[in-house]
There are 2 protein chains.
Amino acid sequence: MESPDTRQRLVFTALRLFWEKGYGSTSIAEILQSASVNSGSLYHFFPSKQDLLLAVLDAYHEGIYPMLLEPAWAGIDDPIGKVFALLARYRKSLVDTDCFYACPIGSLALELHEPDPPVREGLAKNFRAWVGAIEGCLKDAAARLPRNLDRRSVAEFVLTTMEGGVMQARTFRDVAYFDNAVGQLKGYFDYLGRDAAASASRPTRKRGRSNKRRSR
Amino acid sequence: MESPDTRQRLVFTALRLFWEKGYGSTSIAEILQSASVNSGSLYHFFPSKQDLLLAVLDAYHEGIYPMLLEPAWAGIDDPIGKVFALLARYRKSLVDTDCFYACPIGSLALELHEPDPPVREGLAKNFRAWVGAIEGCLKDAAARLPRNLDRRSVAEFVLTTMEGGVMQARTFRDVAYFDNAVGQLKGYFDYLGRDAAASASRPTRKRGRSNKRRSR
DNA sequence: CTTCGCCTTGAACGATCAATCAAGTGACGT
DNA sequence: ACGTCACTTGATTGATCGTTCAAGGCGAAG
């Protein structure tokens, strides 16, 4: 495959290296060598390393649907099944890399302590897209979840579980920690499902307890 | 307070700086200046920067009970209350630092991509101690949780939730994301509590479904 | 052919990094 | 008084960092 587009090759190479080694530990020289590009070309397109990072975050964001969700959801119709199919994809990523790499955004989010607003926004944008996809599944699940359950909040919690599970699996180099996180989340969903079924068979009781989100 | 112990001053200083800026972004020179120590002294005690990191991880491990759990649990007897009191302490840390810093171990765990076994073991040891403390609470909760619920797995899930919630709160610079994670976890615990109460009033049914952990 | 502008080349720069080391200090045992 | 040794001093090292820049290639427009 020929790749005449230097800019794109740089972004993809940097994406891979940042994923594998983190942002701070990936040197410009390494990116240049991996992409077979000279420093002048890089700095022609990106004024600084941080601008390259921003381009990487954009590229990742662009790829969330076609590269992540689409393949993960191939042949899966059940909306809640889609949620766990996506988690299964991260599991595969962990297993394939001996529990080294999974979600590049999460790693970058905790590595970058700088307050640079554009970088943070790039990370946040990725998280929002991911959560939005899960939220869509939960909305599609309709009556299988409690009626007044805040779908967005639960979707954020799925991200919480995924990232926390990945962190532990990486630290212990054991995918069982990720499996446990997913298993507990599954338990939570089971409870939610039973709750929805129970209140459906007992229509419109008054007591309006429910998982409402706090104001933000 | 006088501090004649150079070694200890180095460890505490490094602990603080690693917490604030991460490991890779904290230079030896910065540690030396902050601790008012010369490089020769540092390298007298620690052969390399990584050895200093190991000492920091040890020190943090030593401090988990006296510096973290003890103050978080002061005046709290309810075991499940202790779990959420600990989470509340991380919340306070987030609020106090404008959502910059909370759990130093989690940040380091995702920053350090190196496979150095001793470092990973230092991180894992800290996680294990934390999970062990939560596990103790869950065991104390006794009948308020389903009888055959795996306490260790749920304790690991509490860590998952905390770390995932901190990651999102940091990225969005908004503690509401941490609050949501804790709120969802609370919802899960509510279900577990109701489940325990229900099966207690209906003693010893046969169907032994339950949150068993996978083999590891 | 000339000119212009995009893109590439790659040596070089100053800053900063972790780490070194020869020289020294001072408390302590003998 | 002397030797020993744990500890300190701080200049210095070589490597590596992100970044710069003068020079040149090259296709398209005039």
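Checked against dT19(D), dC17(D), dC17(C), the side chain of Ser27(A) finds its nearest nucleotide in dC17(D).
Ile28(A) comes within contact range of at least one nucleobase, with a heavy-atom separation under 4.0 Å. No engagement by Ser25(A) is indicated, since no non-hydrogen atom pair under 4.0 Å with the nucleic acid exists.
Between Thr6(A) and the phosphate of dT8(C), there is a side-chain N or O to OP1/OP2 separation shorter than 4.0 Å.
Residues Phe45(B) and Leu52(B) have side chains not in contact (no heavy-atom distance under 4.5 Å, counting atoms from C-beta outward). With a 4.5 Å cut-off on side-chain heavy atoms, Glu111(B) and Ser25(A) do not count as touching.
In this structure, a donor-acceptor pair under 3.5 Å is absent between the side chains of Glu20(B) and Tyr101(B).
Legend: residues meeting side chain to side chain donor-acceptor pair (under 3.5 Å) with Asp96(A), ordered by chain and number and at least two apart, are Lys92(A).
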- request: Test Asp179(B) against Arg91(B) for salt bridge (Lys or Arg N to Asp or Glu O under 4.0 Å), laying out the working first.
  value: CA-CA 8 Å; Asp179(B) 289 337; Arg91(B) 186 196 136 90; 2.4 Å; yes

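The CD-P distance, from Gln50(B) to dC17(C), rounds to 19 Å in whole Å. Look at CG on Asp51(B): it is 11 Å from P on dT20(C), rounded to the nearest Å. With rounding to whole Å, Asp116(A) atom CG is found 15 Å from dG18(D) atom C1'. Per the geometry, CD belonging to Glu30(B) stands 16 Å off P belonging to dA19(C), to the nearest Å. Distance Leu10(A) CG to dC7(C) P: 13 Å, rounded to the nearest Å. Spacing between atom CG of Leu52(B) and atom C1' of dC17(C) amounts to 15 Å, rounded to whole angstrom units.
At a non-hydrogen distance threshold of 4.0 Å, Ser39(B), Gly40(B), Tyr43(B), Ser48(B), Lys49(B) from residues 31-49 of chain B come into contact with DNA chain C.
Across all their heavy atoms, Phe172(B) and Ala124(A) have their closest contact at CE2-CB, 3.5 Å.
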